[in-house]
Amino acid sequence: MTTTVPPPVHAPGETMPDFLLAAAGTTPARPAVIEFAGNGELRTTSYGELAARVRDTTAALADAGLGPGDRVLLETDTSAAAIGTFLACGRLGVAFVPVSPQTPDVRLATIAASTEPALYLSAGEPRQFLAGAGGVGTLAPEGLRLRRRPARRVRHRREVVAADTAYMIFTSGTTGRPKGVVMSHRAVVAFYHGMLTQGLVGPADRVASTSPFQFDFSLLDIGLALGSGASVVPVPRDLLRWPSRFLTVLRETGTTQVNGVPSIWRQVLRHSWNGLAALHGLRGVLFCGERFPMPELRRLQAALPQARIVNCYGATESMACAFADVPRPLPDDLDQPPIGRAHPGAELLLIGPDGAPVTGPGANGEMYLRSPALFTGYWDDPEATRSALVPDPTDPRSNQVVLRTGDLGCLGPDGELYFSGRADGQVQIRGNRVELAEVERRLLDLPGVAAAAAVVIPQADGDVELAAMIVQAPDAGPFDPTEAAAFCRTALPAYMVPGRIWVVDGLPVTENGKLDRVALSAWATEAGPT
Ligand SMILES: Nc1ncnc2c1ncn2[C@@H]1O[C@H](COS(=O)(=O)NC(=O)C[C@H](N)c2ccccc2)[C@@H](O)[C@H]1O
């Protein structure tokens with residue numbers, strides 16, 4: 001049970017750097033970032049060294065003429081250099097736009113054209129097609145190196161205020177055009193304070209961050225670690241694919257808390273369960289982004305009997321909003337852990353189809369979020385902003401805006417809130433509304449199935465066929481698709497029984513580590529994975 005205390009009233013105008021560097025004033029010698037240098041050696045940056053780096057980079061950016069209202073495109077993985085740079089941006093009221101080195105050129109070009117950054121900074125060699133406009137520079141462990149100064153701008157602003165944009169994260173847009181989620185300092189800091197009331201980590205902890213820098217999960221990790229006076233341990237993305245190397249990183253860095261999407265555990269649980277169970281120092285796991293398949297969650301919990309496992313729910317439009325401890329032990333009949341309730345200072349509302357709140361066990365509705373951590377809006381997209389930030393349905397006249405999450409939720413018999421899928425995540429199969437998650441949940445009940453994904457395959461005649469892929473647990477016996485279909489038929493209507501079921505070694509994930517349903521559909525349409 002999470003103990004929640006009223007959030008502290010934080011200083012007016014608190015910005016991300018104020019919050020994240022607080023420990024530099026109290027424990028400057030403690031490690032802030034523990035990372036692998038290029039030569040594989042571990043390099044530690046103390047809070048004092050991080051603060052000094054922020055000071056130097058702030059001076060360099062100010063000298064280059066940057067100030068409130070400017071944007072910096074920051075292409076890097078998570079590192080002390082990256083953290084020092086985005087904190088320096090915060091000091092000047094400059095927004096940062098994080099993109100990962102793996103971002104495809106076309107997507108990077110779209111983001112750059114839309115945000116018109118005053119400066120493009122890259123940890124690696126800057127991409128040629130971006131070296132033409134604006135300022136260009138590189139991030140190095142020893143500091144910022146400008147290759148071309150930003151163009152001079154007429155300045156209308158001087159003061160940095162908490163309502164200023166801290167960062168913009170581009171997420172996939174249903175229209176195909178990426179949407180820029182604009183987050184103010186005020187919103188991020190409000191979320192950070194709400195998160196710290198959960199008592200997740202303390203100053204002696206080391207928080208492994210496994211998400212790409214462009215995914216705000218990495219900013220949650222950094223806020224959790226630095227806001228708690230602890231250390232952040234960026235896990236190199238390419239190591240996540242090798243279970244033994246992933247475990248070696250956790251062991252060698254003394255990691256005590258691992259944050260990441262559920263898929264980061266798949267291969268470790270299949271191939272190195274004993275190695276994971278040997279990490280006795282690992283006392284906390286936090287996951288987010290999508291449901292954790294129950295068979296895998298059970299195996300994770302069995303491997304780490306000493307660990308607190310937290311399900312963190314939320315959207316980039318508020319970074320996140322709810323934290324719920326995974327029950328230990330997990331009841332046999334539980335088919336997913338609860339998402340709990342919003343952190344103190346925020347409120348998750350369950351709204352029915354008539355726009356009125358629904359309550360009581362078994363109630364279903366769409367989740368709306370009331371919070372000081374809500375995003376400012378989508379960059380250069382007032383229409384999408386209006387459909388996401390809507391008048392409070394419980395009191396429209398107040399014009400307080402709440403986030404319409406697009407997520408469905410239900411209240412369990414225990415009064416806990418559960419995620420029930422995306423409102424737009426339904427598919428129609430022969431005129432019937434189907435939640436693919438319901439098909440996947442049934443497949444996960446099959447003995448020996450560790451993970452499952454269902455997908456619809458468009459047919460030439462305009463109909464769709466339902467198919468599925470499953471990942472087997474290591475000790476599973478041979479898989480019989482006919483038997484599996486019969487098992488589904490005992491609990492699901494015929495139109496929800498997959499016509500084809502393939503066994504695969506792994507499920508495709510997006511750059512942010514979430515199930516990649518587009519790749520799944522492509523696989524299935526080409527008559528299934530090879
Ligand atoms: N714990 C969940 N169970 C089940 N579905 C979920 C869950 N957390 C999100 N989701 C889903 O993912 C959507 C949000 O997607 S997103 O905007 O790309 N953001 C994220 O996925 C990460 C999010 N910003 C975040 C960052 C850091 C910590 C927690 C959450 C939500 O609307 C849900 O549909």
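Values reported hereafter were calculated over all heavy atoms of this structure, with side chains retained and with hydrogens, waters and symmetry mates removed. Every value quoted in this text rests on a predicted model; they were computed, and no experiment measured them. Every number for a ligand or one of its atoms is a count from 1 in the order of the listing.
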Under a 3.5 Å cutoff, is there a donor and acceptor pairing between the side chains of D516 and T510? no
Using modelled atom types and a 3.5 Å cut-off, is there a donor and acceptor pairing between side-chain atoms of E416 and backbone atoms of L411? no
Do W379 and T115 have side-chain N/O donor and acceptor atoms under 3.5 Å apart? no
Derivation and outcome, salt bridge (Lys or Arg N to Asp or Glu O under 4.0 Å), residues K179 and E383: CA-CA 12 Å; K179 288 189 299 191; E383 191 183 328; over 6 Å; no
Are E511 and Q214 close enough that a side-chain donor and a side-chain acceptor fall under 3.5 Å? yes
Tell me, which residues have any heavy atom less than 4.0 Å from some atom of ligand 1? F215, D216, F217, L220, C288, G289, E290, R291, N311, C312, Y313, G314, A315, T316, M319, A320, D407, F419, R422, K514
For residues 336-345, which side-chain donor-acceptor pairs fall under 3.5 Å, sequence neighbours excluded?
from	atom 1	to	atom 2	distance (Å)
Q336	OE1	R291	NE	3.0
Q336	NE2	F419	O	2.8

